[in-house]
Amino acid sequence: MLKKIMKGGHKKPSKSDSTDPSLYGFGPPGSRNPGSGPAPNVTVNHASRAGPLASGANPGAPAIPPPMGSVEPLPLFRDVAVSERQNLFLRKLQVCCFQFDFSDTLKSVREKEIKRQTLLDLVDFIQSGSGKITEMCQEEMIKMVGINIFRCLPPAPHENTGQEATDPEEEEPYLEPSWPHLQLVYELLLRYVVSSDTDTKVAKRYIDHSFVLKLLDLFDSEDPREREYLKTILHRIYGKFMVHRPFIRKAINNIFYRFIYETERHSGIGELLEILGSIINGFALPMKEEHKLFLVRALIPLHKPKPIAMYHQQLSYCITQFVEKDYKLADTVIRGLLKYWPLTNCQKEVLFLGELEEVLEATQSAEFQRCMVPLFRTIARCLNSSHFQVAERALFLWNNEHIVSLIAQNRQVVLPIIFEALERNISSHWNQAVHGLTVNVRKMFMEMDAELFEECQRQFAEKEARARDVEEQREMTWKKLADVAAQRGGDDMVTV
């Protein structure tokens, strides 16, 4: 019995095995030389299906053509009969699986151009919708896409040299040298996803969770052109494949968590937030608890990392979308901003004040009242900032009519908190623009409620008088101590 089993294990490959895609660079990586032919050294594992013929494809569909030993030009789709186009499609995919070295611009120039023209023809074929491609062709096309785009990204400059990481805004982005081919592969994938001929029930077998995860990994690419394509493609996948939506949101969450709490370095946070801005805009009401948790656990903590300037515009849009969708979230958002409010980074403070204005513009009176005390304590500190841009940006809040109306309704609480800051600016702030704006705000409060203003002025004068008395008492106490020490014969004592 054992001998029979051993013999069965070394069976010769049958003729039908010649259609195994792994023989032609479409299956698991083998011993091929990546420089000489299709090199699927990075493949997408589709655990949700079996081989191409076991997935419900038409048995009469064209078999995968034999492997090509070199890159040779193929006829255009428009130059062959309709019945031959599926076979030609598979042959063109084989050409596009060849990998080339773009570090040497003079190497394989002819072959690179053949691949580029082949990719262009594939894009035109999918975009024109002149022929619906078979399920087998779809699978092989997604494998070809994976072979080309899924790769190890080059390390960041500071990782290469071991030097201390510099500000990401100051680094020159790395531009992918193989972009002439990569761009067309991304364009092909995009055209396939948005095509009305693409059946999501079939396509989701190939564009599965594994494929989506690898797409998300590529968002860390330093090349902004690649991130722009990835953003568009992932957004289209999210829109078309409803089954993937919860998974995509969770995967983006995980990228944010790692960025916030571990690395603080990622090139694609802005693009991911752009996608989320559109997703949040489409949330149904009442909002799910899952979405509120996403706001509290991921979006608000994104204010913590130092390189926030790189993605703050997109983050601010997402935050504002939440408040506009559900005004009851305003208190949560404002308290979250105050939690991560910068203490020593003035440029970051300016960004926070701009975002705060947008959030307050969508805030209702009840939510404003819940957070106005800690909010205006922070604003009062900003008013007295020696950095004129911070003080100026804080004073600009009074140019917003909605915010002024909220302040007017709650002036009994707000004015006593900020009155001292206004008075100190008028008496001692070095910047003339800040001084002028402060005078205008002070005048606004005076006109708003003269009685309250006079009361605050009286309390401020009393506080200042008490402070002067305390200071005088302190100086007198020190003088007495110095006199006592002098009387005790302090020849060795040094007085200052």
Visitor: Specify whether F241 and H244 have parallel, tilted or perpendicular ring planes, treating 30° as the upper limit for parallel and 60° as the lower limit for perpendicular.
Guide: parallel

Visitor: In sequence, state the C-alpha distance, the side-chain angles, and the governing distance for Q457 and F419, and then conclude on side chain to side chain contact (heavy atoms under 4.5 Å, CB included).
Guide: CA-CA 8 Å; Q457 206 167 25; F419 188 85; 3.9 Å; yes

Visitor: Does NZ or CZ of K112 come closer than 6.0 Å to the centre of the six-membered ring of F102, within 45° of the ring's axis?
Guide: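 Judged by the rule (NZ or CZ under 6.0 Å from the ring centre, within 45° of its axis), K112 counts as positioned above F102.
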
Visitor: Take the angle between the ring planes of F445 and W398 and call it parallel below 30°, perpendicular above 60°, tilted in between.
Guide: perpendicular

Visitor: Could you go step by step and tell me if Q409 and S365 meet the side chain to side chain donor-acceptor pair (under 3.5 Å) rule?
Guide: CA-CA 8 Å; Q409 292 166 30; S365 182; 3.2 Å; yes

Visitor: Counting heavy atoms not belonging to R225, are there more than 12 under 6.0 Å from its CZ?
Guide: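 For R225, atom CZ is crowded (more than 12 foreign heavy atoms under 6.0 Å).
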
Visitor: Within the side chain of S221, is there an N or O that forms a donor-acceptor pair under 3.5 Å with the backbone of E226?
Guide: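 Between the backbone of E226 and the side chain of S221 there is no qualifying donor-acceptor contact (under 3.5 Å).
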
Visitor: Are more than 12 heavy atoms from other residues, nucleotides or ligands located less than 6.0 Å from atom CD of Q389?
Guide: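 It does: Q389 CD has more than 12 such atoms within range.
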
Visitor: Would you say that F352 contacts W341 through its side chain, given a criterion of any heavy-atom pair below 4.5 Å between the two side chains?
Guide: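 Yes, side chains in contact.
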
Visitor: Per the side-chain hydrogen bond (donor to acceptor under 3.5 Å, both in side chains) rule, what does the pair list look like for residues 291-308, sequence neighbours excluded?
Guide: H303-E355

Visitor: Below 30° counts as parallel, above 60° as perpendicular, anything between as tilted: where do the rings of H181 and F100 land?
Guide: perpendicular

Visitor: Hey, are R468 and E472 close enough for a salt bridge, meaning a charged N less than 4.0 Å from a carboxylate O?
Guide: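 E472 and R468: not salt-bridged.
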
Visitor: So among E462, K463, E455, which one has a side-chain hydrogen bond (donor to acceptor under 3.5 Å, both in side chains) with Q459?
Guide: E455

Visitor: Using a 3.5 Å distance criterion without hydrogens, assess whether the side chain of R227 forms a donor-acceptor pair with backbone atoms of E222.
Guide: yes

Visitor: Report the relative orientation of the aromatic rings in Y311 and F259; use parallel for angles under 30°, tilted for 30 to 60°, perpendicular for over 60°.
Guide: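 Perpendicular: the ring planes of Y311 and F259 meet at over 60°.
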
Visitor: Do other residues, nucleotides or ligands put more than 12 heavy atoms under 6.0 Å from the CD atom of E401?
Guide: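 Open: at most 12 neighbouring heavy atoms sit under 6.0 Å from CD of E401.
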
